[in-house]
Number of protein chains: 2
Amino acid sequence: MKPKKVTLSSIATELQVSKTLVSLVLNGKADALAINKLTQQKVLDKARELNYKPNQVARGLRMGQTKTLGLLVADISNPFYARITRTIEHEAEKAGYSLIVCSSDESKEREIRLLKTLLNRQVDGIIMTTTLHDPKILQQLLPHRFPLVLVDRSLAGFESNFVGVDNAISAENAINHLIEIGHKNIGFLTLTPDYISSLSERKAGYLHALERHSIAVNNNYILQLDYLKIKNKDYSQLYQFLLDYPEITAVFSANNNLAVACLSIAKTLGRKIPKDLSLITFDDVELFEYTAPSVSSIAQPLEIIGQKSLQILLQQLKNDNFTLQKEILSTQLNLRESSCGIK
Amino acid sequence: MKPKKVTLSSIATELQVSKTLVSLVLNGKADALAINKLTQQKVLDKARELNYKPNQVARGLRMGQTKTLGLLVADISNPFYARITRTIEHEAEKAGYSLIVCSSDESKEREIRLLKTLLNRQVDGIIMTTTLHDPKILQQLLPHRFPLVLVDRSLAGFESNFVGVDNAISAENAINHLIEIGHKNIGFLTLTPDYISSLSERKAGYLHALERHSIAVNNNYILQLDYLKIKNKDYSQLYQFLLDYPEITAVFSANNNLAVACLSIAKTLGRKIPKDLSLITFDDVELFEYTAPSVSSIAQPLEIIGQKSLQILLQQLKNDNFTLQKEILSTQLNLRESSCGIK
DNA sequence: ATAGTTTACTAAATCGTTTTAGTTTTGTTG
DNA sequence: CAACAAAACTAAAACGATTTAGTAAACTAT
């Protein structure tokens with residue numbers, strides 16, 4: 001009753017030849033090995049007739065490569081990662097690779113567990129945004145020289161490929177702009193954990209800009225919000241922050257979720273953006289162009305990030321003596337209505 | 001130099017026992033088979049010492065199940081699919097499954113190719129939003145009774161599990177609302193290919209609402225846009241449409257991308273929403289609450305869609321004599337600024 | 001006629017597991 | 001002290017491919 005499986009052996013048996021022969025023909029190695037053209041055709045025909053499809057699992061086991069890559073991001077539902085994923089998936093498909101996708105939710109434990117799963121599944125390489133702080137954990141988890149590309153976030157003390165943007169410079173530019181149009185009391189919104197390289201670099205850019213303009217840093221103006229609370233739209237901390245420091249005239253938000261939080265809070269708090277509060281955020285989202293007000297943002301080149309990540313990974317998979325690559329891309333500051341001058 | 005692989009045999013050899021024993025112990029089948037507690041401990045210890053990780057590929061081959069599922073959506077970068085994906089991935093992980101994700105880009109050829117890839121990779125089941133029109137193609141491609149859940153879009157003539165929403169009713173409700181607040185000339189925006197069940201049901205809902213209110217259908221008011229053009233932000237057709245039919249006072253958009261197109265066009269065309277043109281769209285996006293104007297939309301229960309899809313798939317994987325399940329969920333109409341009364 | 005080459009093919013090992021069908025040793029019972 | 005059961009373990013097959021190391025026959029050259 002069940003449709004019995006079509007394997008190499010099925011074909012071999014039906015044609016009264018060896019599995020070797022069938023495998024050779026189907027892999028295009030027949031000519032090099034002087035297999036009779038007629039026999040070749042017979043095999044090809046039979047394979048088509050039986051609708052033979054090679055079992056990639058068996059193949060993976062034998063060949064030691066699964067043609068599968070792992071993509072481990074913080075949150076696949078965040079448009080930032082979703083768009084990178086799309087590019088990576090498309091490029092991977094072109095190169096004959098499939099993609100196992102997983103989200104760590106910014107949880108170390110989850111990340112470690114998922115990473116182990118990916119490795120047990122024998123993925124050929126991994127692209128990931130790490131949430132980890134300690135390079136030793138990764139060193140221990142990953143085999144030596146395992147093909148890996150860190151994207152968006154690097155990890156100090158851990159040598160690996162990397163693709164990301166110039167976070168510090170980008171943030172600094174944005175803050176410079178805010179200062180130039182008259183803002184002095186500028187808030188900085190970030191997430192816990194803030195040791196994540198991209199976030200800490202953005203903070204460094206913020207601090208550096210203030211320093212360059214001889215503006216004293218007020219640590220109270222730096223607000224670190226809990227990732228899960230933000231994800232669950234619990235904006236109470238931010239609410240309180242804006243109430244506590246009405247003298248803040250501009251905020252810089254370290255990612256797109258925080259910008260949404262600002263829009264939401266501004267609406268309920270009646271603190272008008274940009275009249276009462278200017279806003280610039282890291283990460284551009286399609287709809288930031290159409291929000292009220294439209295949101296000034298730092299756009300990362302998502303397609304290029306995806307392409308580069310995959311490209312580097314594939315290079316390492318091909319080359320045995322491959323040297324690690326780091327790619328730092330530039331961003332674009334899109335000024336819109338949410339940030340405006342003061343006085 | 002290379003870190004040699006740790007396999008069952010490594011452990012077996014080091015401990016001078018058989019692979020069988022090691023496998024039994026590591027799979028918790030030792031007690032049932034009366035393996036000495038002491039030996040068990042030795043195996044466990046050695047496994048830990050060598051940091052043994054079972055090769056899931058070998059396991060998959062032997063056991064005939066890979067503990068991997070395929071998720072084939074139209075476009076992973078669309079927040080609608082991204083959010084469903086997130087839920088499915090999380091639930092799958094809980095159940096010990098990994099997820100291979102791919103996007104068809106609404107292309108039949110791509111969908112077929114990706115589907116074949118998933119099957120060759122021996123995924124245990126598939127969740128997909130199909131772009132296909134012809135049930136025979138799927139019937140031919142998939143083994144009989146292959147665990148599959150169609151999500152968002154059903155396929156007439158193809159018996160399978162399904163999870164989606166009551167598209168016709170939802171659309172009809174929205175149109176009813178527009179009519180009740182005074183609109184008569186209501187445009188309907190959809191995408192090619194429009195045989196996709198969710199889109200055609202939404203259209204049916206639109207038509208039905210007009211009929212119920214004795215409003216004659218004007219086919220010119222129904223605009224079908226090319227998916228790829230919209231994706232590439234080529235809104236020229238829509239632009240022309242709105243110019244050609246200035247008498248249209250409200251449009252219903254069949255998905256979120258089209259709503260964005262409307263926002264964009266309205267901005268450049270100076271046709272103010274909702275003063276000159278009301279808008280309600282299918283699919284809610286987080287930022288629709290903060291756009292100018294905020295967008296009235298039909299929100300699908302994304303989490304539930306994801307959960308149900310996976311739940312049904314897992315049930316079929318478990319149960320051998322499983323009957324197909326169909327789950328039609330309700331939506332929620334979120335009225336915001338973009339739709340308002342007339343006269 | 002013989003050695004060497006080319007053509008055309010195949011048996012068997014291998015990848016790393018799980019599982020079937022045992023075997024051997026020890027212990028218990030009538 | 002047989003007979004039998006229980007305890008403790010193992011050899012080998014299996015999953016479905018690839019690949020190594022062949023073999024046999026036909027042809028070519030000397």
Side-chain angles (χ1 to χ4, degrees), chain A residues 2-43 46-47 50-68 119-124 143, chain B residues 2-43 46-47 50-68 119-124 143:
Chain A
K2 276 185 191 171
K4 60 202 70 116
K5 292 186 184 170
V6 180
T7 70
L8 268 192
S9 298
S10 324
I11 301 181
T13 313
E14 287 217 22
L15 291 176
Q16 309 252 57
V17 296
S18 70
K19 290 190 296 174
T20 311
L21 176 66
V22 179
S23 171
L24 257 25
V25 172
L26 261 27
N27 286 303
K29 297 185 183 161
D31 280 336
L33 280 151
I35 306 289
N36 193 314
K37 283 281 179 201
L38 209 99
T39 322
Q40 289 192 39
Q41 199 52 55
K42 271 199 250 172
V43 171
K46 183 59 80 179
L50 299 181
N51 191 27
Y52 169 75
K53 300 290 169 203
N55 179 324
Q56 295 298 333
V57 172
R59 203 164 217 262
L61 175 60
R62 174 62 233 236
M63 311 235 291
Q65 55 162 323
T66 53
K67 287 280 179 181
T68 304
L119 292 170
N120 294 352
R121 286 178 183 281
Q122 314 292 120
V123 296
D124 296 337
Chain B
K2 278 183 192 170
K4 58 200 72 108
K5 295 184 182 170
V6 180
T7 70
L8 270 192
S9 297
S10 323
I11 301 180
T13 313
E14 287 216 23
L15 290 177
Q16 309 252 55
V17 298
S18 70
K19 291 189 294 174
T20 311
L21 175 64
V22 179
S23 171
L24 258 26
V25 172
L26 262 26
N27 287 304
K29 299 183 182 162
D31 280 338
L33 280 151
I35 306 289
N36 192 315
K37 283 283 180 200
L38 209 97
T39 322
Q40 289 193 39
Q41 200 52 55
K42 271 200 249 172
V43 171
K46 184 57 81 177
L50 299 181
N51 192 26
Y52 169 76
K53 301 289 168 204
N55 179 325
Q56 295 298 334
V57 173
R59 203 164 215 262
L61 176 60
R62 174 62 232 236
M63 311 232 292
Q65 56 162 321
T66 53
K67 287 283 181 178
T68 303
L119 292 171
N120 294 352
R121 285 176 184 283
Q122 314 292 120
V123 295
D124 296 337

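Lettering follows sequence order; numbering is per chain, from 1. All heavy atoms count here, side chains included; hydrogens, waters and symmetry mates do not.
- Contact record, B:Ser9 with B:Lys19: OG-CD, 3.2 Å, taken as the closest heavy-atom pair.
- Atoms CG (B:Leu15) and P (D:dA8) sit 17 Å apart, rounded to a whole Å.
- Among all heavy-atom pairs drawn from B:Lys5 and B:Ser10, the shortest one is O-OG, 3.7 Å.
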*Would you give a per-nucleotide map of nucleotides 16-29 of chain D, 5' to 3', where B means the base has a protein non-hydrogen atom under 4.0 Å away, S means only the sugar-phosphate does, and - means neither?*
BBBBB---------
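- As judged by a 4.0 angstrom heavy-atom cut-off over every strand, B:Gln16 is placed among residues touching the sugar-phosphate backbone only.
- You'll find the side chain of B:Tyr52 stays beyond 4.5 Å of the side chain of B:Val22, heavy atoms only.
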*Could you walk me through whether A:Lys42 and A:Val17 pass side chain to side chain contact (heavy atoms under 4.5 Å, CB included), step by step?*
CA-CA 11 Å; A:Lys42 271 199 250 172; A:Val17 296; over 6 Å; no
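- Note that CG of A:Leu21 and CD1 of A:Ile35 are 5.0 Å apart. Values are rounded to the nearest 0.5 Å.
- The outermost nucleotides of DNA chain C lying under 4.0 Å from heavy atoms of chain A, listed 5' to 3', are C:dT7 to C:dG16.
- Checked against B:Val43 for a side-chain contact (heavy atoms from CB on, under 4.5 Å), the options B:Leu15, B:Leu24, B:Leu38 give a single hit: B:Leu15.
- Scanning both residues, A:Asp31 and A:Gln40, for their nearest heavy atoms gives OD1-NE2, 3.1 Å.
- In summary, the side chains of B:Arg121 and A:Thr68 do present a donor paired with an acceptor at a separation below 3.5 Å, with no hydrogens or angles considered.
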